[in-house]
Each structure stands twice: as structure tokens, then as C-alpha cells.
Student: 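Mind looking over this structure? Questions follow.
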Amino acid sequence: MPVIPIRMPQLGESIAEAVIIAINIKNGDTVQPDQEIIEVETNKAVMDVTTPCAGTITDIVVEPDQSYVVGATLAHLEVSAEDAAQLGINPEEPAPPANSDEPVVSGGNGGDVPHFGKPSASPDFETSTAEEPGKVQPTIQGLPVPANATGASYLSPRMKARMHELGLHAGDLAGVAGSGAGGRVTIEDFEKFIDGIEQEKMTGASPMRIAVADSMRRSWTRPLATVGMPCQLDALLTHRKNSDPKPGPALYAVRALALALAKDPAPAGRLIGERIVLPSTIDIGFAVEVADGVLVPCIRDVDQKPLADLVQEYNGLVQQARDRRLPNDARGPGIATVTNYGTFNIVWATPIPLPEQNLVLGIGRGIKWPLWDEENDRFIPGIEAVLTLSFDHRIIDGGAAGRLLTHICELLQSPESL
């Protein structure tokens, strides 16, 4: 009977490889069509590799906790001649060769990040073995850092070449004391720093941590600023107590931000060249803490959906994010993000917008304060939290950010309008 390969599928437009986290089959197992047999992790989600048809597993050629490129052979499947024909494989062709004994390991990196250690790849995936012209192969093992160096200070051509070889960028030199003119880091300083790292205990950075680090690095290339103001939450908490189902505090903020931007979408615009691109839909993301990072599910057309109708969708996305199984329509970037850092007892913070966004709204911990009651001319106890709005200062200034934040606070203080 013919034997066909089960390959690493294309898991997304920007995904070049994935880490094997679970193998749910063993040699000799009989499998059905579209059966989930291997779990893989990218820098965005956990996904399943499925069987193309029914058959018997004859050879598993991958190992857990290793990274394999798209197109690499994961296992071999013995199938019927009819199924092989339907899949376009000649039954008389010999089985494809197994992968090299040495898997393609990236130390947890994803996308187009270079691999550390000895490079190798599946021999039946020729594009993964071709060396790019001029590309220097890494010579140091285990550094859990992203590539694509972009410097903030002067780096000599020799230094840039060495950093590219190791997959480092200028931010990784922040802790290096320079001995050159004006405190410049010399190549000797750099090599001493690298030698010292090799003597330290190291752990591999997960794909999620690499993705977060890369996202924040790209975000920080813009001039970011943050404004904040206190907001009374008593009306919101009373509304939540009387609601069934109960919206989470972050969902109130998602809805309030959406309504404010629907009235004036300019603060959520993106500067491209000399033009500001305004959003066509009000899609808002919200931060969810997951293992070793943060995911940002996105709710579409939030301004068109009443608060009560959003609760089930919101709760479902929170759970799917924690399981690292977000649906495709919830993964794309929205126009802004809400983050509720008050759940960590944080009163004030300066969150950083995602690279594709201009705005992030933060909610601090609610605290009981003596608040002045103008009507009764006395202090009364009340719950107050600080709202912060971080923004790209190229798009809007402090005044526009302050007006937007004021509008959001007014909406939160009138929750029945949400």
C-alpha cells in the first residue's frame, strides 16, 4: 500500500514554523480523515495538524518541544490506493524520505527568526535547506532573542554583521558598558558580553514571549504618550450587579471606547506617509493574560452591538484566548485595545499600543475614596478608578486624548446608555 507524508501545514500568512507540543498518535495507530493527531504552537495560537485521509501511521519523525518549518514531514501514513489517487499521489511512487535526524530547532522563535544551533531541515522541503545569499549562519547556541537588528545608537559595520550573525538587535546591548569613545560599545565589549552570557543559566523563550517582545519593540519606534483621569464607578458597579448576565468591567470599557470612537474616529487613525487613514469599522481588542504572554482577541463592530449582546461573545473569546484557540476572525488587529490591569491590583500604568494601533485604554484598580458631593455639600464614600489612554503622539495631542478619555468616562458613568 502507498505511504504518504503528513506535513506541517501553512498555519498563517506570516507563520514559517511551529513547535510540536503534543503528539496524540503512535506508530501503528489507525486514524480517520481529519483526525487531530499533533498539536503545534505558533507565536499566535495552539493549532492541530489533521490527517488528510484514513490510514495507518507507519512512522513519526518529529519530537515534542522542537520546531519544524512549514512543509516539513511530521509523520508517514499508509493509505489505500484510492485515497492516494484522490490526493494526487501515484501509488507506485516510493514513500518520501524521512526527515533528518536533526530537527529544525529555533529555540522557541517563530516566523522568519533565524535558528540557533546546527541548522537542518527536512530533505523533502528543499526551500528550507537553501542558504540565502550573504546570510551568516549563527555560531552561538541558545540565545533566546529575536532577530532583525535595528539600532538606536551608532553601530559599526563590523558590529552589525556580528549582531546579525547571532540574531541580536541594538536593544539587547542596553546592559553592555561601552569602553569606546563617548561610551560606544566596541566589538571587544560585545564579544566579552557574549562570552559572559554563555556562562549563565539560560532558558528558551517561548514563541509567545518572542512575539510579545517583537511587538513591543516595534511599538516603541513611535512617540508614545499617556494621559489619565479618575472615573467614578459606582453607577457601573450597580448596573453590573443588576444585570444578567453580568458584563465584565473591561467589557464596559470596550463598549464605551467603541461608542466614543464611532462619534469621532480620528484619534484611532493611522499615519501612513503624509496621510492619516481613518478606520472603516469599530473593531476593539481586549488584553487577556495567557501563559507567558498576552493575547488580544478582537470584537468586530462593537459600536453596533448593545452591551447585553456582547457578554456571551466576550466571555467566549476570553476562554478561547486562555486555551490559545482563538478563531481566525478574532485574531486580526482592531483599531484600539482595552486592558484591565486593575485585576492585578495596579492603580496606574502606561500600557503600550500594539504596532498596528494608535490607542490603548487602561483601567486601574477601583478604590473606595471620600468623594465630594456638590449637591449635598459633603464627602461621601465612592469607588473610583484611574483610566489611562496611551496614544501615538503623531496622530493626536494631549487635548484630543483628554477629550476622548473624558467622553469615555462619561459613558462609563451612564452605563444604561451602553
Side-chain angles (χ1 to χ4, degrees), residues 8-22 39-49 64-70 104-117 138 142-150 164 166-172 174 202-222 224 270 283-298 317-339 341 351-360 390:
M8 179 73 77
Q10 180 67 56
L11 302 168
E13 291 183 3
S14 60
I15 304 301
E17 60 185 316
V19 178
I20 306 294
I21 61 175
E39 292 184 31
V40 300
E41 180 185 36
T42 71
N43 59 3
K44 296 182 179 180
V46 173
M47 303 179 186
D48 292 298
V49 177
D65 302 322
Q66 303 292 347
S67 183
Y68 297 86
V69 296
V70 170
V104 180
V105 181
S106 68
N109 291 318
D112 54 0
V113 180
H115 308 307
F116 294 100
L143 289 181
V145 291
N148 302 329
T150 54
H164 177 72
L166 301 181
L168 301 176
H169 57 73
D172 299 310
M202 291 185 287
T203 61
S206 69
M208 171 60 70
R209 180 47 47 195
I210 292 295
V212 171
D214 182 66
S215 178
M216 293 299 96
R217 178 179 61 82
R218 288 184 289 123
S219 290
W220 203 247
T221 60
R222 302 170 295 172
L224 302 176
R270 292 188 302 150
D283 305 330
I284 306 295
F286 56 94
V288 178
E289 185 184 29
V290 299
D292 201 30
V294 177
L295 286 179
V296 182
C298 184
L317 289 175
V318 169
Q319 188 57 53
Q320 289 173 312
R322 289 172 178 166
D323 294 339
R324 301 286 297 276
R325 295 183 180 276
L326 283 174
N328 289 331
D329 61 349
R331 293 181 190 170
I335 63 172
T337 293
V338 170
T339 176
Y341 46 75
I352 300 174
L354 293 172
E356 303 87 355
Q357 298 176 356
N358 173 41
L359 302 171
V360 56
S390 297

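Residues: numbered from 1 along the sequence shown.
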Student: For R270, does the CZ atom sit with more than 12 other heavy atoms under 6.0 Å from it, leaving out its own atoms?
Tutor: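 Not more than 12 within 6.0 Å, no.
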Student: Under the side chain to side chain contact (heavy atoms under 4.5 Å, CB included) rule, what do I284 and Q357 come out as? Steps first, then yes or no, please.
Tutor: CA-CA 10 Å; I284 306 295; Q357 298 176 356; over 6 Å; no
Student: Kindly determine whether C298 and D283 satisfy side chain to side chain contact (heavy atoms under 4.5 Å, CB included), including the steps that lead there.
Tutor: CA-CA 7 Å; C298 184; D283 305 330; 3.6 Å; yes
Student: Which atoms form the tightest heavy-atom contact between T337 and A287, and what is the distance?
Tutor: CG2-N, 4.1 Å
Student: Going through the distances and angles, do Q320 and L295 end up as a side chain to side chain contact (heavy atoms under 4.5 Å, CB included)?
Tutor: CA-CA 10 Å; Q320 289 173 312; L295 286 179; over 6 Å; no
Student: What's the shortest heavy-atom distance between V360 and P353, and which atoms?
Tutor: CG1-N, 3.6 Å
Student: Any idea which heavy atoms bring V49 and V40 closest together, and the distance?
Tutor: CG2-CG1, 4.0 Å
Student: How long is the straight-line distance from CZ of R331 back to CG of L317, given to the nearest 0.5 Å?
Tutor: 11.5 Å
Student: Atom OG1 in T339, atom CD in E289: separation rounded to 0.5 Å?
Tutor: 10.0 Å
Student: Looking at every heavy atom in both L354 and M216, which two are closest together, and how far apart are they?
Tutor: CD2-CE, 4.4 Å
Student: I need the M47 CE to R324 CZ distance, nearest 0.5 Å.
Tutor: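 Reported value, rounded in 0.5 Å steps: 9.5 Å.
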Student: Could you go step by step and tell me if Q66 and I20 meet the side chain to side chain contact (heavy atoms under 4.5 Å, CB included) rule?
Tutor: CA-CA 6 Å; Q66 303 292 347; I20 306 294; 5.6 Å; no
Student: Any sub-3.5 Å donor-acceptor pair from S219's side-chain atoms to S215's backbone N or O?
Tutor: yes
Student: Quick check: closest heavy atoms across P351 and S390, and the distance to 0.1 Å?
Tutor: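 Looking at all heavy atoms of both residues, the shortest contact is O-OG, 2.6 Å.
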Student: If you compare all heavy atoms of V69 against all heavy atoms of M8, which two are closest, and at what distance to 0.1 Å?
Tutor: O-CB, 3.4 Å
